[in-house]
> 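Submitted below is the structure of interest, expressed as structure tokens.
Just so it is clear, the model here is predicted, and its values are computed rather than measured. Read the numbers this way: they start at 1 and go in the same order the structure lists the ligands and their atoms. Note that the numbering runs from 1 along the sequence shown for the chain. Worth knowing before you read on, the calculation uses all heavy atoms, side chains too, and leaves out hydrogens, waters and symmetry mates.
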Amino acid sequence: MKSAPFIAVEGPIGAGKTTLATMLSQELNLPLVKEIVEENPFLASFYQNIDEWSFQLEMFFLCNRFKQLEDTGAHYIQQNSPVISDYHIYKNMIFAERTLKGTKRDKYRQIYHLLTDDLPKPNLVIYIEAELDTLMYRINKRGRSFEQNMDPAYMKQLIADYKTGMNDLAKGENPPVILKINAEQLDFVQHPEHFRQIVNQVKELMI
Ligand SMILES: Nc1ncnc2c1ncn2[C@@H]1O[C@H](COP(=O)(O)OP(=O)(O)OP(=O)(O)O)[C@@H](O)[C@H]1O
Ligand SMILES: Nc1nc(=O)c2ncn([C@H]3C[C@H](O)[C@@H](CO)O3)c2[nH]1
């Protein structure tokens with residue numbers, strides 16, 4: 001790897017991104033950039049009425065992540081220092097392409113590119129794939145109030161959008177290395193040997 005590892009953990013809602021990113025940050029002794037969820041003022045309204053609240057929510061996520069990524073750039077990337085994040089900025093596009101329509105989507109795309117085109121991007125993406133039943137089970141188990149009526153159709157669409165999005169990322173400009181983790185086969189929480197397998201793969205890719 002030419003520059004220092006900038007690792008992002010990605011995957012649909014409830015895939016285990018924060019869990020895996022936290023475990024890897026401890027194991028590899030890397031600083032962790034975590035998504036801000038609890039302070040998001042639009043999430044609860046969004047899940048009650050997606051069409052009504054999508055633009056506010058997507059803009060909020062975009063502005064927050066832009067700020068975090070600016071800080072990450074200044075603190076780690078420009079110092080050539082490794083870092084791990086529990087999301088990739090590209091997830092904004094994956095969600096927004098699904099939740100926004102018409103002129104709002106057009107405006108969002110323009111703002112997304114304006115804000116993010118010149119920002120540092122991860123060079124290694126760990127993409128956790130999981131099936132609908134697993135994701136729904138984990139979302140319910142986690143018990144965030146605003147996610148309790150998560151629509152399985154929305155989740156199914158998101159799983160497909162992630163597959164397409166990760167393929168697009170791999171084909172884009174300066175593509176990151178993408179390490180796929182199949183959460184149906186590798187359970188890094190219950191099985192230490194599965195976690196070890198992931199750690200070894202990540203270490204090899206970090207060299
Ligand atoms: N391998 C696993 N086995 C069992 N439970 C898991 C596993 N990985 C994560 N979980 C649990 O599933 C829930 C969701 O995990 P986590 O919050 O890490 O997902 P996430 O992908 O970061 O979610 P979000 O997209 O909402 O940010 C948590 O309760 C976590 O403890
Ligand atoms: N619409 C939309 N756009 C995003 O960029 C985005 N990023 C995360 N989320 C949702 C998933 C979890 O419920 C919760 C925590 O990840 O927030 C998003 N929702």
> Do any heavy atoms of Gly11 fall under 4.0 Å from ligand 1?
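Per 4.0 Å heavy-atom rule, Gly11 does not contact ligand 1.
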> Once you restrict to heavy atoms under 4.0 Å, what part of Asn40 touches ligand 2? Side chain, backbone, both or neither.
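Asn40 to ligand 2: no contact under 4.0 Å from either part.
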> I need the Asn140 CG to Arg142 CZ distance, nearest 0.5 Å.
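Answer for the CG-CZ pair, Asn140 versus Arg142, is 10.0 Å.
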> When you look for heavy atoms under 4.0 Å from ligand 2, do you find them on the side chain of Phe46, its backbone, both, or neither?
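For Phe46, the contact with ligand 2 is made by the side chain alone.
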> With a 4.0 Å cut-off on heavy atoms, is Arg144 in contact with ligand 2?
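Yes.
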> Could you tell me whether Glu10 and Lys17 have a side-chain N and a carboxylate O separated by less than 4.0 Å?
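Lys17 and Glu10: not salt-bridged.
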> Suppose we measure from atom 2 (C) of ligand 2 to each protein heavy atom; which comes out shortest, and what is that distance?
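I find the closest protein heavy atom is Phe95 CD2, 3.2 Å.
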> Heavy-atom distances under 4.0 Å decide this one: backbone, side chain, both or neither, for Arg142 against ligand 2?
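The answer is neither.
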> Rounded to the nearest 0.5 Å, how far apart are CZ of Arg105 and OH of Tyr112?
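Arg105 atom CZ to Tyr112 atom OH measures 15.0 Å (nearest 0.5 Å).
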> In the protein, which heavy atom is nearest to atom 13 (O) of ligand 2, and how far is it?
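Scanning the protein heavy atoms, the shortest distance from atom 13 (O) of ligand 2 goes to Glu147 OE2, 2.4 Å.
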> Give me the residue, atom name and distance of the protein heavy atom closest to atom 9 (N) of ligand 2.
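Looking only at protein heavy atoms, the one closest to atom 9 (N) of ligand 2 is Phe61 CZ, 3.5 Å.
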> Closer than 4.0 angstrom: is that true for some heavy atom of Arg98 and an atom of ligand 2?
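Outside the 4.0 Å threshold, so no.
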> Taking N or O atoms only and a 3.5 Å limit, does Lys17 qualify as a polar contact for ligand 1?
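So ligand 1 has an N or O lying under 3.5 Å from an N or O of Lys17.
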> May I ask you to identify the nearest protein heavy atom to atom 1 (N) of ligand 1, giving residue, atom name and distance to one decimal place in Å?
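It is Asp187 OD1, 2.9 Å.
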> Give the atom numbers and elements of ligand 2 that come within less than 4.0 Å of a heavy atom of Glu35.
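Counting atoms of ligand 2 from 1, those under 4.0 Å from Glu35 are 7 (N), 8 (C), 15 (C), 16 (O).
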> Give the atoms of ligand 1, by number and element, whose distance to some non-hydrogen atom of Thr19 is under 4.0 Å.
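Per the distance check, 9 (C), 15 (O), 16 (P), 18 (O), 30 (C).
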> Nearest protein heavy atom to atom 27 (O) of ligand 1, by residue and atom, and its distance?
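The closest heavy atom on the protein side is Glu35 OE1, 3.5 Å.
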> Looking only at side-chain N and O atoms, does Gln68 offer a donor or acceptor that is under 3.5 Å from a partner on Tyr87?
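The answer is yes; a qualifying pair exists.
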> Test of understanding: given a 4.0 Å heavy-atom threshold, classify the contact between Leu57 and ligand 2 as side chain, backbone, both, or neither.
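Just the side chain.
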> Among all protein heavy atoms in this structure, tell me which lies nearest to atom 7 (N) of ligand 2, with the distance rounded to 0.1 Å.
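The closest one turns out to be Arg65 NH2, 2.8 Å.
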> Should we count CD of Gln157 as having more than 12 external heavy atoms under 6.0 Å?
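Atom CD in Gln157 is packed in, count exceeds 12.
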> State whether the shortest distance between N or O atoms of Phe188 and N or O atoms of ligand 1 falls below 3.5 angstrom.
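So ligand 1 has no N or O lying under 3.5 Å from an N or O of Phe188.
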> For atom 1 (N) of ligand 2, which protein heavy atom lies nearest, and how many Å away is it?
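Here the nearest protein heavy atom works out to Glu58 OE2, 2.8 Å.
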> Among Glu10, Arg138, His191, which one has a heavy atom closest to atom 6 (C) of ligand 1?
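The option holding the nearest heavy atom is Arg138.
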> Indicate whether the side chain of Thr134 and that of Glu184 have a donor and an acceptor atom separated by less than 3.5 Å.
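Note: Thr134 and Glu184 side chains meet the donor-acceptor criterion.
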> Which ligand 2 atoms does Tyr47 reach within 4.0 Å, using its non-hydrogen atoms?
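Heavy-atom distances to Tyr47 below 4.0 Å select 10 (C), 11 (C), 12 (C), 13 (O).
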> What are the atoms of ligand 1, with element, lying closer than 4.0 Å to any heavy atom of Gly16?
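In order of number, 9 (C), 15 (O), 16 (P), 18 (O), 19 (O), 20 (P), 21 (O).
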> Any chance the side chains of Thr99 and Glu58 put a donor and an acceptor closer than 3.5 Å?
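Their side chains do contain a donor-acceptor pair, which is all the 3.5 Å distance test asks for.
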> Against heavy atoms of Gln190, which atoms of ligand 1 measure under 4.0 Å?
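Heavy-atom distances to Gln190 below 4.0 Å select 3 (N), 4 (C).
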> Is Asp151 salt-bridged to Lys156, cutoff N-O under 4.0 Å?
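Salt bridge: no.
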> Say whether, by atom type as modelled, one donor and one acceptor occur between the side chain of Ser25 and the main chain of Leu30 under 3.5 angstrom.
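Such a contact is found between Ser25 side chain and Leu30 backbone.
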> Does Ile13 have a heavy atom less than 4.0 Å from any atom of ligand 1?
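Yes, Ile13 has heavy atoms under 4.0 Å from ligand 1.
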> Can you report which non-hydrogen protein atom sits closest to atom 5 (N) of ligand 1, along with the distance?
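Of every protein heavy atom, Lys141 NZ, 3.1 Å lies nearest to atom 5 (N) of ligand 1.
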> Looking at Gly14, which atoms of ligand 1 are within less than 4.0 Å of one of its heavy atoms?
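Reading through ligand 1 atom by atom, the close ones are 14 (C), 19 (O), 20 (P), 21 (O), 23 (O), 24 (P), 25 (O), 26 (O).
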> Consider only side-chain N and O atoms of His113 and Asp117, and report whether a donor and an acceptor are under 3.5 Å apart.
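A donor-acceptor contact under 3.5 Å links the two side chains.
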> Write out the residue and atom name of the closest protein heavy atom to atom 29 (O) of ligand 1, then the distance separating them to 0.1 Å.
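Answer, as residue, atom name and distance: Arg142 CB, 3.6 Å.
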> Mark up the atoms of ligand 1 that fall under 4.0 Å of a heavy atom belonging to Val189, in ascending order.
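Ligand 1 atoms under the 4.0 Å threshold to Val189: 1 (N), 2 (C), 3 (N), 7 (C), 8 (N).
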> Which atoms of ligand 2 are found less than 4.0 Å from any heavy atom of Lys91?
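The list of qualifying atoms is 7 (N).
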> Which bit of Arg144 is near ligand 1, meaning a heavy atom under 4.0 Å away: side chain, backbone, both or neither?
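Under 4.0 Å from ligand 1, Arg144 contributes side-chain atoms alone.
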